[in-house]
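Written below as structure tokens is the structure these notes are about.
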There are 2 protein chains.
Amino acid sequence: MAQDKVTSVDVARLAGVSQSAVSRYFTPGSSVSKKTAEKVREAAKTLGYRPNILARSLITGRSRMIGLVVAYLENYFYPEALEKLSTALQAEGYHVLVFMASQTAGNIDDVLAEILDYQVDGIIMASAALSSELSTRCQAAGVPVVLFNRRQDDPSLTAIGSDNVAGARALADFLIAAGHERIAHIAGWEGASTQRDREAGFREGLAAAGRELYARELGNFEPETAREAARRMFDRPGRPDAVFVANDHMAFFVMDVLRFELGLSVPDDVSVVGFDDVPPAAWPAYSLTTVRQRANRMVEETVSALLELIENPGADAKQIALEAPLIVRKSARKPEGWAS
Amino acid sequence: MAQDKVTSVDVARLAGVSQSAVSRYFTPGSSVSKKTAEKVREAAKTLGYRPNILARSLITGRSRMIGLVVAYLENYFYPEALEKLSTALQAEGYHVLVFMASQTAGNIDDVLAEILDYQVDGIIMASAALSSELSTRCQAAGVPVVLFNRRQDDPSLTAIGSDNVAGARALADFLIAAGHERIAHIAGWEGASTQRDREAGFREGLAAAGRELYARELGNFEPETAREAARRMFDRPGRPDAVFVANDHMAFFVMDVLRFELGLSVPDDVSVVGFDDVPPAAWPAYSLTTVRQRANRMVEETVSALLELIENPGADAKQIALEAPLIVRKSARKPEGWAS
DNA sequence: CTGAAAGCGCTAACAT
DNA sequence: ATGTTAGCGCTTTCAG
């Protein structure tokens, strides 16, 4: 049988103090005498009392919950981010309320409305964009939002991500230096800022060498679509000798099509490079040359930006693009004389 | 500037009805006249009002939040489970509050206490076990708990998982039928029920054929430990000709040590089998023969068991061990005449 | 069907 | 430092 909930009143009664004394004991920074504290501590312990966070939040206006909107956990960049975000926030006394939402399912707005219903202190958008209407609503509700791994052309929105342009540019430079002639691209979903920035940076690198994309297919960040893109791109004469796949997640499927369906050698026949540096990229079966998104740094910046916004609602929005280093492994031919 | 929060009182005033009428309008199953409903709907819309779930929960005693305790998102079984659980719960009007906790870090008890502070309606333990003290506390607080992918010897605890014993047994039968002579095991963390059940089932299969484990090392469910275990086990004469690695996550690292460090062929020199059937197991670079945990079914059962417990606190606990089918791929030699 | 009133468990003035 | 009081925003009797 579910025992009755024990409240601060019960504790107060047992301890022989007022209910506010109990509240004070559990409120950091409140002043209670040693004597009272001891009585409360004891009574609370025997009763197994702990403050009701929800009741507290009703009056303080802080729920100590952060809404996290996330979509594709199949892209292993996100589980990693989720784990780190959750742990970091937990260390600060916050907890993550998860909302699954896919951009394409078009339910973002509903989901965001629900989040707001829970009176979260802040929101992290780790997938999908914010309609300007919702953005306004959050603003109105006084709930700060930070975009994780995406950005929007709205200077009032805080966004933390990598320098996708520079990262992809480095990939292009690397491929060109290695002497590749027919350089292609398998793109992710074009609604994503990461895709647009990566492609822009990559093209910029090609252009700087007086080159352009030899071929381009759409992979949409989805395994099956990426596989089909790879087949269309490579199963014909005059195939590319290098391909930049817009993220590692797709790159694995592309590599597998090349090696196991088409019998091509990577990197001897074709070089493959990706973006993100998710854990499997380092697995020897792939050994993918890619650009690292520094998840730890991204999480740190996201958490600190969010807490800053929560504590200081007037704080300025900021956009951060972290440096994203090239990670050279074996899936792409290296330029001559490249230090191993 | 953060606009003042709009409450039901504001809506009532604008609509020219009582505050209770507003509440009723937003409470499913309450009776409001068409006329009132319309007035409220309109007023709420122009004000952008939505009920405060936290305030509601204070009186109803239901927060519509489920606490999810999870540890290792690097094992790709869990992101998948998390995504599906969250989506399924969302569809039922619940949301997931995430708590990262590692068994080994020993902070489970603190974490669970925190969860309870949030007045969650239920708890899913997707990692780590429950001390009997905490179990009692949850019971006392009237918060139902369901164990996901683990079980404890406590018939009062609801637990949803796979039939690890039978699954591993099938693996042993398969390996023996294929004529393997020196069959080894790389174990996961021995504190986990999954590990104990899998090993027991595997040994049972060997015993039924009058055999026993040729070698055994501890991988602890950790990549580096698993790699070392593989090196110790295989980098010497008289190495095993087959190995059951306790989960897919470790099996990938073991395969890579065998193939890329020791130059062995899988499955020609050694057969490798795993457990879980996480997505990369199907990637051609691994093509791992394994046992499938049916994540969808597990999630369905978990959600329905939890909701049942929430709605009907007197409901009996149940333990479910879902059938876990053998998935034959290419990482292990097949018995002669095995239907491809 | 509707409004008035009570109160969920807590914190935050306000006195003392 | 402590107790008293007044709500936080909502649901739920209770009258009418």
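Reminder, nothing fancy here: chain letters follow the sequence lines and each chain counts from 1.
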Could you state the atom-to-atom distance from [atom1] of [X] to [atom2] of [N] in whole Å?
X: A/Q119; N: C/dC10; atom1: CD; atom2: P; answer: 18 Å
X: B/R13; N: C/dA4; atom1: CZ; atom2: P; answer: 13 Å
X: A/D10; N: C/dC10; atom1: CG; atom2: C1'; answer: 13 Å
X: A/I53; N: C/dT11; atom1: CD1; atom2: C1'; answer: 14 Å
X: B/N52; N: C/dC10; atom1: CG; atom2: C1'; answer: 14 Å
X: A/L54; N: C/dT11; atom1: CG; atom2: P; answer: 12 Å

| task | Find which nucleotide of DNA chain C each of A/Q19 and B/S33 is nearest to by heavy atoms, and output the residue with the more 5' nucleotide. | result |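 Closest to the 5' end, via its nearest nucleotide, is B/S33.
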| task | Select from A/Y49 and B/K35 the residue whose nearest nucleotide in DNA chain C is closer to the 5' end of that strand. | result |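 Comparing both residues, the 5'-ward one is B/K35.
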What nucleic acid atoms does [X] come within less than 4.0 Å of, heavy atoms only: base, sugar-phosphate, or nothing?
X: A/S30; result: nothing
X: A/V32; result: sugar-phosphate
X: A/V17; result: sugar-phosphate
X: B/S23; result: base

| task | Just grab all the side-chain hydrogen bond (donor to acceptor under 3.5 Å, both in side chains) pairs involving residues 55-66 of chain B, residues at least two apart or on different chains. | result |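 Listed by first then second residue: B/S63-B/D121.
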| request: Please list all pairs passing the side-chain hydrogen bond (donor to acceptor under 3.5 Å, both in side chains) test where one or both residues lie in residues 300-315 of chain A, with sequence neighbours left out. | output: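 Sorted pair list: A/R297-A/E301, A/E308-A/N312.
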| field | Sequence-distant partners of A/S30, side-chain contact (heavy atoms from CB on, under 4.5 Å), two or more places apart | value |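 Once residues adjacent in sequence are excluded, the partners of A/S30 under the side-chain contact (heavy atoms from CB on, under 4.5 Å) criterion are A/R24, A/T27.
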| Pairing residues for B/T7 by the side-chain contact (heavy atoms from CB on, under 4.5 Å) criterion, not counting sequence neighbours |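 B/T7 satisfies side-chain contact (heavy atoms from CB on, under 4.5 Å) with B/V9, B/D10 only.
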With sequence neighbours excluded, tell me which residues meet salt bridge (Lys or Arg N to Asp or Glu O under 4.0 Å) with [X].
X: A/D153; answer: A/R151
X: A/E83; answer: none
X: A/D117; answer: B/R50
X: B/E38; answer: B/R41

| task | Report the end-to-end axis angle of the helix from C/dC1-D/dG16 to C/dT16-D/dA1; each axis comes from five terminal pairs, and the value is rounded to 10°. | result |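 Roughly 40°, once rounded to the nearest ten degrees.
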| request: Compare the minimum distances between each of C/dC10, C/dA12, C/dG9 and the side chain of A/K5, then state the nucleotide with the smallest one. | output: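 From the listed options, C/dG9 comes nearest.
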| task | Tell me which residues in residues 55-63 of chain B put a heavy atom below 4.0 Å from DNA chain C, sorted by number, or none. | result |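 When residues 55-63 of chain B is checked for heavy atoms under 4.0 Å from DNA chain C, the hits, listed by number, are B/L58, B/I59.
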| Relative to each other, are the rings of A/F99 and A/Y118 parallel, tilted or perpendicular (30° and 60° limits)? |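 The rings of A/F99 and A/Y118 stand perpendicular, inter-plane angle above 60°.
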| query | Taking the six-membered ring for Trp, are A/Y76 and B/Y76 parallel (under 30°), tilted (30 to 60°) or perpendicular (over 60°)? | reply |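 Answer is parallel, since the angle falls under 30°.
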| request: Find the distance between CD1 (A/I310) and CD (A/E92) and round it off to the nearest 0.5 Å. | output: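 Nearest 0.5 Å value for the CD1-CD distance: 10.0 Å.
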| said: Measuring from atom OH of B/Y94 to atom CG of B/L307, what distance do you get when rounded to the nearest 0.5 angstrom? | reply: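 Between atom OH of B/Y94 and atom CG of B/L307 there are 5.5 Å.
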Under 3.5 Å, which N/O atoms of the protein pair with N/O atoms of nucleotides 13-16 of chain C?
residue : atom : partner : partner atom : Å
C/dA13  : N6   : A/R24   : NH2          : 3.1

| chain A footprint on DNA chain D, 5' to 3' - any atom under 4.0 Å from a heavy atom |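 Using the under 4.0 Å cut-off, the span is D/dA1 to D/dG9.
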| Polar side-chain atom of B/S8 near backbone of B/V22 as donor-acceptor pair, under 3.5 Å |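 No: the side chain of B/S8 does not pair with the backbone of B/V22.
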| task | Please confirm whether the backbone N or O of A/A295 pairs with a side-chain atom of A/E80, one donor and one acceptor, at under 3.5 Å? | result |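 Judged by distance alone, no pair lies under 3.5 Å.
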